[in-house]
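Everything on this sheet refers to the single structure shown next.
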Amino acid sequence: MCATRTTETGQLFNRPSDPIGYVAVLAALVTGVLHLLASTNAVQFSLVLGVLFVLNGLGFIGGAMLYLTRYWRRWLFLVAALYAVATILALFPVQGWGVEAFYMNGSLNPLAVVTKAAEAILAVSAVYLYSKADR
């Protein structure tokens with residue numbers, strides 16, 4: 001997720017040239033892996049919820065992988081930002097509409113805090129990279 005890329009002709013994978021691109025990839029991988037780990041707990045509540053966690057985790061990891069390829073396009077930054085924001089908002093109907101969404105069994109749920117922080121970082125990074133990308 002970078003403004004410009006270090007590319008060679010025919011090269012499938014590219015490194016971000018902007019350090020914020022690395023931040024975005026790290027944030028996507030963190031929230032993706034944590035969603036996959038959380039799916040084992042989510043499936044105890046509902047099979048559908050468990051499947052949604054797996055799909056969400058794979059979506060973040062797949063998006064990070066796509067970003068590192070030559071197939072990434074500028075408009076996908078906006079897709080990444082919207083995906084991250086939608087995932088942040090998806091917590092509230094399931095867990096509650098206030099700060100209590102970040103609590104489980106009366107104590108702060110670090111998994112929820114870290115995933116939502118990573119998603120917020122990803123959303124901001126993606127918008128920044130969209131604004132800096134070649135048109």
Side-chain angles (χ1 to χ4, degrees):
M1 300 176 190
C2 70
T4 57
R5 298 178 166 275
T6 55
T7 62
E8 296 175 15
T9 306
Q11 188 176 1
L12 177 61
F13 291 100
N14 302 305
R15 291 184 313 230
S17 61
D18 189 313
I20 300 299
Y22 290 100
V23 171
V25 169
L26 180 61
L29 292 176
V30 165
T31 193
V33 168
L34 290 178
H35 273 89
L36 292 177
L37 292 173
S39 69
T40 58
N41 289 336
V43 77
Q44 295 173 3
F45 296 105
S46 162
L47 180 60
V48 171
L49 190 60
V51 169
L52 289 174
F53 268 72
V54 169
L55 292 174
N56 199 25
L58 293 175
F60 279 112
I61 293 168
M65 290 173 51
L66 176 64
Y67 168 66
L68 296 172
T69 70
R70 65 179 173 210
Y71 301 109
W72 186 264
R73 300 293 178 259
R74 181 176 183 255
W75 61 271
L76 290 170
F77 289 120
L78 295 178
V79 173
L82 290 173
Y83 188 75
V85 169
T87 302
I88 291 169
L89 296 176
L91 171 74
F92 297 104
V94 176
Q95 292 293 110
W97 293 99
V99 177
E100 66 270 4
F102 294 97
Y103 285 83
M104 182 177 276
N105 299 328
S107 60
L108 190 62
N109 181 354
L111 195 62
V113 173
V114 172
T115 56
K116 298 310 149 193
E119 290 155 9
I121 290 167
L122 174 59
V124 170
S125 298
V127 170
Y128 169 83
L129 292 168
Y130 176 81
S131 73
K132 297 294 183 185
D134 299 329
R135 295 179 192 260

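Being a predicted model, the structure only gives us computed values, none of them experimental.
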Mind checking whether L89 and W97 sit in one hydrophobic cluster, side chains of I, L, V, M, F, W, Y counted as touching below 4.5 Å? no

Let me check something: do L34 and L29 share a hydrophobic cluster, defined by ILVMFWY side-chain heavy atoms less than 4.5 Å apart, either directly or through other members? yes

So how far is it from H35 NE2 to L55 CG, rounded to the nearest 0.5 Å? 11.0 Å

How far apart are the closest heavy atoms of V33 and I61, and which atoms are they? N-CD1, 4.1 Å

Could you note down all residue pairs passing side chain to side chain donor-acceptor pair (under 3.5 Å) where residues 39-50 supplies at least one of them, sequence neighbours left out? none

Interatomic spacing from CZ in F77 to NZ in K132 - rounded to 0.5 Å: 12.5 Å

Rounded to the nearest 0.5 Å, how far apart are CZ of F60 and CG of L122? 6.0 Å

Compare all side-chain heavy atoms of D134 with those of R74 and state whether any distance is below 4.5 angstrom. no

In one Ile/Leu/Val/Met/Phe/Trp/Tyr side-chain cluster, 4.5 Å: L58, L37: yes

Between W72 and G63, what is the shortest heavy-atom contact and its length? CZ3-O, 3.9 Å

Where do A118 and V30 come nearest, in terms of heavy atoms and distance? CB-CG1, 4.2 Å

Determine whether more than 12 heavy atoms belonging to other residues, nucleotides or ligands lie under 6.0 Å from atom OH of Y103. no

Check: L12 and Y71 side chains under 4.5 Å, non-hydrogen atoms: yes

Identify, with sequence neighbours excluded, every residue that meets side chain to side chain donor-acceptor pair (under 3.5 Å) alongside Y128. none

Shortest non-hydrogen contact from E119 toward T31: OE2-OG1, 2.7 Å

What's the separation between atom CD1 in I20 and atom CG in L26, rounded to the nearest 0.5 Å? 11.5 Å

Which atom pair, heavy atoms only, marks the closest approach of V54 to L36? O-CD2, 3.6 Å

Between N109 and M104, the two heavy atoms sitting closest are ND2-CE, 3.9 Å

So CZ of F13 and CE of M65: to nearest 0.5 Å the spacing works out to 6.0 Å

Atom CZ in F53, atom OG1 in T115: separation rounded to 0.5 Å? 7.5 Å

Any chain of hydrophobic side-chain contacts (each under 4.5 Å) joining W75 to L68? yes

Indicate, with yes or no, if I121 and F102 share a hydrophobic cluster defined by side-chain heavy-atom contacts under 4.5 Å among Ile, Leu, Val, Met, Phe, Trp and Tyr. no

